[in-house]
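Below, read A as the first sequence line, B as the second, and so on, with proteins coming before strands; counting in each chain starts at 1.
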Amino acid sequence: MRTFCSHITITQTDTTVTINGWVDRHRDHGGILFVDCRDHTGIVQLVFPPEQPDLLQQANELRSEFVIQASGVVKQRSPDTINPALQTGDIEIQVTDLTILNRSNPLPFSHHEPIREHTKLQYRYLHLRRSDMQQKLRFRAKLTSLIRLELSNQGFVDIETPVLTRSTPEGARDYLVPSRTQPGHFFALPQSPQIFKQLLMVSGFDRYYQIVKCFRDEDLRADRQPEFTQLDVEMSFVSEADIQDMTERLINRLFQELLDVTLPKQFPRLTYAEAMNQYGCDKPDLRNPLTLVDIGHLVKDESFEVFAKPAKLDGHRVVALKVPSGGSMSRKQIDDYTKLVGKYGAKGLAYIKVTNLDMGIDGLKSPIIKFFNPQTILNICQLVQAQDHDLVFFGAGSNSMVNQSMSALRDQLGLDLSLIDQQAWKILWVTDFPMFDKQTDGQLTPMHHPFTAPKQVDFDQDKQPENWLSRAYDLVLNGSEIAGGSIRIHDRSMQMNIFDTLGFEEEAAINEFQHLLDALSYGAPPHGGIAFGIDRLVMLMTQSDSIRDVIAFPKTQSAACLLTRAPATVPNEQLEELAIQSHSNTPENQE
RNA sequence: GGGGUGGUAGUUCAGAUUGGUUAGAAUACCGGCCUGUCACGUCGGUGGUCGCGGGUUCGAGCCCCGUCCACCCCGCCA
């Protein structure tokens, strides 16, 4: 009967146990030999005493990562040899039988040292042997089990949707799969099962869920992989509140049972407009106390055009960002922050250092004060409630530039000044997103996706679709978007109307989305849903720095797998069978 | 497509400010010694295409150009 290493306790003293595992470390004292045996539960110390020379000689062959089975008697350790750092530190196993199940070459890296990312990924199966990686993937499994338990208890039906499906024109770049049976035709891997789950609502599966891989061929980030896992949920006969309710119950249970963390029963809500106004960002990290404060109304009549001009222009804003105790910031630090906002197009970074408010304008230091009426500066200080030794940064320009640069600045300040409580969990809903984004060429694109229902729009009256709001909502945890969804359009003519607003030709829209449009005309119920980024959620819950750490076999930033060396070239016959010709003339392709 | 950081022993790193003898450390590995360690100790040893290619120079790990890989970011990601 197998026992797990760290499950052996002092109550088993003098009983015989058998363990399987890997040699973690071995300590050879000549006459006596200690071996730390490791399995996924932990470590237990094996002792090979000098009284059994044959066994000792056999044990002398043991090296790190050899796979062994050992039987022996559990012994209580004498008080002076107890190791309090080890869960099993009060006992050890006096070995009577040892089997070397497999030998191991020395590992390319030690389990007890940091490893470069490249090496980790190349020998991923060895890296996953580490206890921190074991814990993360086991945590992930617990999380998905709990999700299935909770959702099936709530009457949700788990339904699989196709992986080989149709490419749609909107959204991210598709991964394509050539069809052999229909040369020149291609499947796409799903960016999400969006349309399928809506079709399932039409079918009458009024509560659907699926834990499903999604694929997007876009550039990677620390929190973005080309294939990632969503918890996809859709419900019929619901409004926003029902989806949010279900989400709050689920997330609360996950945090309570997996982390023993109690989140608010209802999550705070911010509208998109409020979030952008206060944080410059639609996924603010609320652990960071800094906020943006509009000061346009105070500076619009000043002669300082850098502020006055955007203060008067539509689509522009002027904001202040107060940094408590920031007055001690060095010239170099401020230069670095200026570079940071420069990445987003800011021409500079104006600031005021507050040294002594009692002295009025003379108690302030700033390169820009001289351009202002002194009372305006004092009004700004009052508005942001600046105190002695504070620093106030300013951003002025187009909404998008100010929001992007100042929210990046806010994040960086949060890190640099340790304003963020790393133990805290701050979750919120962001609601009332605009329906559309207006691109530089004036073209509208859906902010969420083109099936999102608008919020109370009178199509005949309101001819400014860029101002329309949608029934979309995002769930934001510690500054990361961990879920997003919407109430969908269930009316065919409304859907056609939105396609039209997006500039789709009627014929093209009918062609691309025929299956959805048809379905909407056969008694589609009102419905809506949400999709959770499982990788991101697990990343946050396990305090990991990268999504790669919670994915067993992740890709590199250039979307390659260092373990399998995918993607790779294929023989020409394989291409011919698929009616594919490669334009790439790299030497590897010639082989 | 763009900006940044890194690549030196199996591994993790130093050496790069000032170009100069045989490129170091720790750890791992191999061998010896050691009966209570738990990052065991100790003595000795093996181990290098300094990512790759080119250039400057009497001489390049170090300077210059190009390139590849990994990571972080911008663009991109409905």
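- Residues of residues 472-494 of chain A that place a heavy atom closer than 4.0 Å to RNA chain B do not occur.
- Within 4.0 Å (heavy atoms only), A/Gln404 reaches sugar-phosphate atoms of the nucleic acid but no base atom.
- The side chain of A/Asp28 lies closest to B/rC34 when the candidates are B/rG10, B/rC34, B/rC69.
- When distances run from any side-chain atom of A/Phe109 to the nucleotides B/rC30, B/rC71, B/rU11, the shortest one goes to B/rU11.
- In this structure, A/Phe34 packs face-to-face on the six-membered ring of B/rU37, meeting both the 5.5 Å centre cutoff and the 30° plane limit.
- Nucleic acid contact for A/His118: sugar-phosphate only, since backbone atoms but no base atoms lie under 4.0 Å from a heavy atom of the residue.
- Across the strands present, B/rC62 finds no partner; the criterion is a Watson-Crick or G-U wobble pair with both atom distances under 3.5 angstrom.
- Residue order along RNA chain B, read from the 5' end via each residue's closest nucleotide, puts A/Pro114 first among A/Pro114 and A/Arg548.
- A/Gln557 has a side-chain polar atom (N or O) that falls below the 4.0 Å cut-off from OP1 or OP2 of B/rC72.
- No engagement by A/Ile43 is indicated, since no non-hydrogen atom pair under 4.0 Å with the nucleic acid exists.
- Among B/rC77, B/rU12, B/rC72, the nucleotide with an atom closest to any side-chain atom of A/Arg116 is B/rU12.
- Closest-nucleotide positions on RNA chain B for A/His449 and A/Ala559 were compared, and the one nearer the 5' end corresponds to A/Ala559.
- In this entry the distance linking CG of A/Leu220 with C1' of B/rC69 reads 15 Å, nearest Å.
- Nearest to the side-chain atoms of A/Arg216 among the listed nucleotides B/rC77, B/rG31, B/rU37 stands B/rC77.
- Within the nucleic acid shown, A/Ser558 comes within 4.0 Å of sugar-phosphate atoms alone, with no base atom in reach, counting heavy atoms only.
- Nucleotides B/rG48 and B/rA23, compared at atom C1', are 8 Å apart to the nearest Å.
- For A/His29, taking side-chain heavy atoms from C-beta onward, the closest of the listed nucleotides B/rU27, B/rG75, B/rC40 is B/rC40.
- The residue A/Ser110 sits apart from the nucleic acid: no heavy atom pair falls under 4.0 Å.
- For A/Glu92, taking side-chain heavy atoms from C-beta onward, the closest of the listed nucleotides B/rU27, B/rG36, B/rC76 is B/rG36.
- For the C1' atoms, the distance linking B/rG1 with B/rG10 amounts to 37 Å, nearest Å.
- Residue A/Arg25 is in sugar-phosphate contact alone, with no base atom involved, counting any heavy-atom pair closer than 4.0 Å across all strands shown.
- For A/Asp219, counting side-chain heavy atoms from C-beta on, the closest listed nucleotide (B/rU37, B/rG1, B/rC72) is B/rG1.
- Residue contacts for A/Arg77: at a heavy-atom cut-off of 4.0 Å it reaches a base atom on one of the strands shown.
- Picking from B/rU37, B/rC40, B/rC76 the nucleotide with the shortest atom distance to the side chain of A/Gln45 gives B/rU37.
- Of all nucleotides listed (B/rC73, B/rA26, B/rG7), B/rC73 comes nearest to the side chain of A/Arg221.
- Looking at every heavy atom in both residues, A/Ala559 comes nearest to A/Tyr175 through CB-OH, 4.5 Å.
- Here B/rC74 is the nucleotide among B/rU11, B/rC74, B/rA70 with the atom lying nearest to any side-chain atom of A/Tyr344.
- Using a 4.0 Å heavy-atom cutoff across all strands shown, A/Ser78 reaches no nucleic acid atom at all.
- By the side-chain hydrogen bond (donor to acceptor under 3.5 Å, both in side chains) test, A/Lys555 is found to be paired with A/Glu227, residues two or more places apart in sequence or in another chain being considered.
- Rounded to whole Å, the P atom of B/rA9 lies 28 Å from the corresponding atom of B/rU56.
- Pairing of B/rG45, defined by two Watson-Crick or G-U wobble distances under 3.5 Å, is identified with B/rC29.
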